[in-house]
Amino acid sequence: MRTTVAVIGGGYGGISTAKALDEDTDVVLVEPRETFVHHIAALRALTDPQWTDRLFFGYDHLLRRGRVLRDRAERVDGTSIRLASGSMLDADYVVLATGSEYPFPAKTGVTDSAVAKTKYEATRHALAGSNRVLLLGAGPVALELAGEIKAAWPDKGVTVVATSADIVPGDYPDEFRTELRHQLDTLDVELILGTGLREQPSSEPGEAKTFTATLDSNGQVTADIWFRCFGGAPTTDYLAGELATARRADGRLEVTADLRLPGQQRIFAIGDITATPEAKQASAAMAHADVVADNIRALINGGETRTPYEPGPPGIVLPLGPNGGATYAPGWQNHVDADTAAQIARRAADRNDPLIAMDILDAETTAQIKGIDLMTGDIAALFDGCVRRSV
């Protein structure tokens, strides 16, 4: 008999785990949506109608042997899973990959792709008719959204307001932020940092309605539409029994070095829901998936887990529209082929760019890495033409 692995959640980590174990085990991927949503491209889907359909990949094209169960885990207290449909799912191993919630438009907030597309289209219409845009938050989502808006509508006024003292919190060099600030200034994006709004605008996020908001610093900002670009929350409220003890106050789960829940031999957790010390990015979730798949194979073969997860150095690819942005990539030379490395170094030398010595890559390189296609090619490769019905 083959081993059954239940993967709870079909985001970046979930699909990568399911794909990696599809040939070796009976994979059951539990996911309430009928399509995978490529959230990395979500902000462009708001501003460019040609990108809306590119967000969605049918789960029917993910697995050759395993199956996708369109359902939601209501309670997990071991290797038995109670589903929202009332059914029970028993597995030999469980991988928790339920990710996090985040305000629209960075995440859709709905399970039906048709509803999500309608939501993007309606909000795009509202945004297109607005002259002044307010973005709350100064992290990657806010800055990327500012870049996408400016790429689509260069004359729109975009203001970023955040309580943080600087943009892009995290362990990144000041020179990286300086480069982004320079590009944002060139795009005429206004930054108001170190203060917040005294109260939420009278309109809902994404609603076209002119308002004037008062800042904690006593200034005012007027806009026609606004978006919240902060406030992600991990989805772990379905855990019960002993498993719930792994949940921290912030909702994230403590995990061991091999990404198991403490005291659990067959329960793993990956992605945004983990308390691993790193930025919660799709790349981290997919790296978690590789480790977990390797460790489950080792356990199936009668051994012990052999691959600990080691977070990489802090890094980020932050596009500002298709052609702008900057990348901080420590040791980037080790992650590209020799010809690409030489091309990047030659371009930096031609421009006498001192940032390359600090592992900061320019806008052109950022566009090539992410900005132009927003990694849709990498995701499409996972959905490689397998045709298997989800149930």
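Only heavy atoms go into these numbers, but all of them, side chains included; no hydrogens, no water, no symmetry mates. FYI, the numbering just counts along the sequence from 1.
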Peer 1: Side chains of Glu34 and Ser113: any donor to acceptor distance under 3.5 Å?
Peer 2: yes
Peer 1: State yes or no: are the ring centers of His288 and Tyr309 separated by less than 6.0 Å?
Peer 2: yes
Peer 1: Within the supplied structure, the quantity of interest is the number of heavy atoms (other residues, nucleotides, ligands) at a distance under 6.0 Å from Arg297 CZ; does it exceed 12?
Peer 2: yes
Peer 1: Is the distance between the ring centroids of Phe104 and Tyr120 under 6.0 Å?
Peer 2: yes
Peer 1: Does NZ or CZ of Arg266 lie under 6.0 Å from the centre of the six-membered ring of Tyr93, at an angle within 45° of the ring axis?
Peer 2: yes
Peer 1: Quick check on the 6.0 Å ring-centre criterion: do Phe383 and Phe36 meet it?
Peer 2: yes
Peer 1: Tell me if the CD atom of Glu101 is crowded by more than 12 foreign heavy atoms within 6.0 Å.
Peer 2: no
Peer 1: I'd like to know whether Asp272 forms a side-chain hydrogen bond (donor to acceptor under 3.5 Å, both in side chains) with Ser100, so could you lay out the CA-CA distance, the side-chain angles of the two residues, the decisive distance to 0.1 Å, and finally the verdict.
Peer 2: CA-CA 6 Å; Asp272 288 3; Ser100 59; 2.7 Å; yes
Peer 1: Hey, could you give me the CG/CZ distance between Asp26 and Arg2, rounded to the nearest 0.5 Å?
Peer 2: 5.0 Å
Peer 1: List the steps and the verdict of side-chain contact (heavy atoms from CB on, under 4.5 Å) for Arg181 and Leu191.
Peer 2: CA-CA 9 Å; Arg181 278 175 167 271; Leu191 298 177; 4.1 Å; yes
Peer 1: Is the ring pair Tyr328/Phe176 parallel, tilted or perpendicular, if the boundaries are 30 and 60 degrees?
Peer 2: tilted
Peer 1: Surrounding CD of Glu74 (heavy atoms of other residues, nucleotides or ligands, distance under 6.0 Å), is the total greater than 12?
Peer 2: yes
Peer 1: Distance only, no hydrogens: is a donor on one side chain within 3.5 Å (strictly under) of an acceptor on the other, for Thr25 and Thr3?
Peer 2: no
Peer 1: For Arg124 and Thr52, which I'm curious about, is there any donor-acceptor pair between the side chains at under 3.5 Å?
Peer 2: yes
Peer 1: Would you kindly say whether Tyr12 and His39 are connected by a side-chain donor-acceptor distance under 3.5 Å?
Peer 2: no
Peer 1: For Glu148 and Leu145, indicate whether the former's side chain and the latter's backbone hold a donor-acceptor pair under 3.5 Å.
Peer 2: no
Peer 1: Between the side chains of Arg132 and Thr222, does any donor sit under 3.5 Å from an acceptor?
Peer 2: no
Peer 1: So, does Asp71 use its side chain to make a donor-acceptor pair with the main chain of Val30 at under 3.5 Å?
Peer 2: no
Peer 1: Is the backbone N or O of Arg306 less than 3.5 Å from a side-chain atom of Asn295, with the two atoms forming a donor-acceptor pair by type?
Peer 2: yes
Peer 1: Apply side-chain contact (heavy atoms from CB on, under 4.5 Å) to Thr4 and Thr79, showing your working.
Peer 2: CA-CA 10 Å; Thr4 299; Thr79 55; over 6 Å; no
Peer 1: Rounded to the nearest 0.5 Å, how far does CG of Asp250 lie from OG1 of Thr236?
Peer 2: 8.5 Å
